[in-house]
Asks: 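Here it is: the structure, laid out below.
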Protein chains: 2
Amino acid sequence: MALKIGELSKATGVSIRSLRYYEKQGLIAPARTESGYREYHKFAVEQVKTIRLYLNLGLSTEQIAGFLHCVLLNKEAFCNEVLPVYQQKLKEIDEQIQTLVRIRSNLDERIQSILSERIDNESMEGTNDES
Amino acid sequence: MALKIGELSKATGVSIRSLRYYEKQGLIAPARTESGYREYHKFAVEQVKTIRLYLNLGLSTEQIAGFLHCVLLNKEAFCNEVLPVYQQKLKEIDEQIQTLVRIRSNLDERIQSILSERIDNESMEGTNDES
DNA sequence: ATTGACTCTGACATTAATGTCACGGTCTAT
DNA sequence: ATAGACCGTGACATTAATGTCAGAGTCAAT
């Protein structure tokens, strides 16, 4: 009935290394056999998939730890810790997008500038570069 | 006439630590006094600002090293190494933006979902959460 | 000559999640 | 009981640019 770590890894596609890491970060707390092996209950599969879901949203293990115990039992809307984390993350992502878009524009202008200068000089041959 | 590293740092706003790092990465090669002090010529101010410009475009010191010697002497359009780096970076940035936009949408949906569920339950008091 | 400001090098820290390795114990099938 | 597959912990590596510290040498002004 209980899963060993290798079985959970295969069932979830998450590496053993990462499962141990999640445990150290307080995201999952398997029982132990007498000999020290981790024993995951079958719900752990869903639990790990939930952790992956939040990690894929760009949340840190620390942030996830702040509400995971609640969302595993309730709908997100019932967990007061979730909304502020989402809103904070949304803000960060908007800032990152803004930065990237600004860089993108700059880069694009430079590329267009180079291309147009090359077209201008396409008629004349014999130019060189790369000192 | 020559600048010491502290003077160049003040003139450019770049930390001494970073100036030494740029040197190690092959971006700038100051002369040395007999006693081992770095001696920058006055053009180094512009050179460092150029380095900062490219770093702010998100290029790595390694990428910058690939064309810096050329762009310090010519217009970008004359340096064949520049365009492929720009195009590669543009591609990466577009991918990053796509990823962020996708996460943003997901996050936004979740926030809206939480908010609407809360509005739905606004009339009924006495609910609780945070097991 | 001494002090204070400056410089040198080398090293360790930072971030976050994951990979990988070493060494040793456990379990299972034969 | 023994081989082979599995598991345990702990440690180091990864990335990239920068901060910071320690210990030592240099320079300029007094």
Asks: Check the phosphate of C/dT7 against B/R38, side-chain N and O only, distance under 4.0 Å to OP1 or OP2. Yes or no?
Replies: no

Asks: Give each protein N/O atom lying under 3.5 Å from an N/O atom of nucleotides 17-20 of chain C, with the pair distance.
Replies:
residue: C/dA17; atom: OP1; partner: A/T61; partner atom: N; Å: 3.0
residue: C/dA17; atom: OP2; partner: A/Y21; partner atom: OH; Å: 2.9
residue: C/dA17; atom: OP2; partner: A/T61; partner atom: OG1; Å: 3.1
residue: C/dT18; atom: OP1; partner: A/Y22; partner atom: OH; Å: 3.3
residue: C/dT18; atom: OP1; partner: A/R52; partner atom: NH1; Å: 2.6
residue: C/dT18; atom: OP2; partner: A/S18; partner atom: OG; Å: 3.4
residue: C/dT18; atom: OP2; partner: A/Y22; partner atom: OH; Å: 3.1
residue: C/dT18; atom: O5'; partner: A/S18; partner atom: OG; Å: 3.1
residue: C/dT18; atom: O4; partner: A/R17; partner atom: NH2; Å: 3.0
residue: C/dG19; atom: OP2; partner: A/S15; partner atom: OG; Å: 2.6
residue: C/dG19; atom: N7; partner: A/R17; partner atom: NE; Å: 3.1
residue: C/dG19; atom: O6; partner: A/R17; partner atom: NE; Å: 3.4
residue: C/dG19; atom: O6; partner: A/R17; partner atom: NH2; Å: 3.0
residue: C/dT20; atom: O4; partner: A/R17; partner atom: NE; Å: 3.1

Asks: Look at the side chain of B/S105 and the backbone N and O of B/V101, then say whether any donor-acceptor pair between them is shorter than 3.5 Å.
Replies: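 Confirmed, B/S105 side chain pairs with B/V101 backbone.
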
Asks: Dump the pairs, protein N or O against N or O of nucleotides 24-27 of chain C, anything under 3.5 Å, distances to one decimal.
Replies:
residue: C/dG25; atom: N2; partner: A/Y37; partner atom: OH; Å: 2.8
residue: C/dT26; atom: O4'; partner: A/Y37; partner atom: OH; Å: 3.3
residue: C/dT26; atom: O3'; partner: A/S35; partner atom: OG; Å: 3.4
residue: C/dT26; atom: O2; partner: A/Y37; partner atom: OH; Å: 3.4
residue: C/dC27; atom: OP1; partner: A/S35; partner atom: OG; Å: 2.9

Asks: Side chains of B/I64 and B/Q25: closer than 4.5 Å at any heavy-atom pair?
Replies: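 No, their side chains stay 4.5 Å or more apart.
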
Asks: Distance check needed: D/dA16 C1' versus B/L27 CG, whole Å only.
Replies: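 One finds 13 Å between C1' of D/dA16 and CG of B/L27, rounded.
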
Asks: Has B/S9 got a side-chain atom pairing as donor or acceptor with B/I5's backbone, closer than 3.5 angstrom?
Replies: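 Judged by distance alone, no pair lies under 3.5 Å.
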
Asks: Should we say atom CD of B/Q112 is surrounded by more than 12 heavy atoms from elsewhere, each under 6.0 Å from it?
Replies: yes

Asks: Are the charged groups of A/K89 and A/E92 less than 4.0 angstrom apart, N to O?
Replies: yes

Asks: Tell me: OH of B/Y40 to C1' of C/dC6, nearest whole Å?
Replies: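 Distance check: B/Y40 OH to C/dC6 C1' gives 14 Å.
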
Asks: Take atom CD of B/Q63 and atom C1' of D/dT15, then tell me their distance rounded to the nearest Å.
Replies: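 Taking CD of B/Q63 and C1' of D/dT15, I get 14 Å after rounding.
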
Asks: We want to know whether A/N106 and A/R102 form a side-chain donor-acceptor pair, criterion being a heavy-atom distance below 3.5 angstrom.
Replies: no

Asks: Can you give me the closest heavy-atom contact between B/L3 and B/L8, atom names plus distance?
Replies: CD1-CD1, 4.1 Å

Asks: May I have the distance from B/I64 (atom CD1) to D/dA16 (atom C1'), rounded to whole angstrom?
Replies: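 From B/I64 CD1 to D/dA16 C1': 12 Å.
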
Asks: Among side-chain atoms of B/Y86 and B/E76, is any donor-acceptor pair under 3.5 angstrom?
Replies: yes

Asks: In whole Å, what is the span from the CD atom of B/E7 to the P atom of D/dC27?
Replies: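 Rounding to the nearest Å, CD of B/E7 and P of D/dC27 are 14 Å apart.
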
Asks: Let me know the distance between CG of A/L3 and P of D/dC7, rounded to the nearest Å.
Replies: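 Rounded to the whole Å, the gap is 11 Å.
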
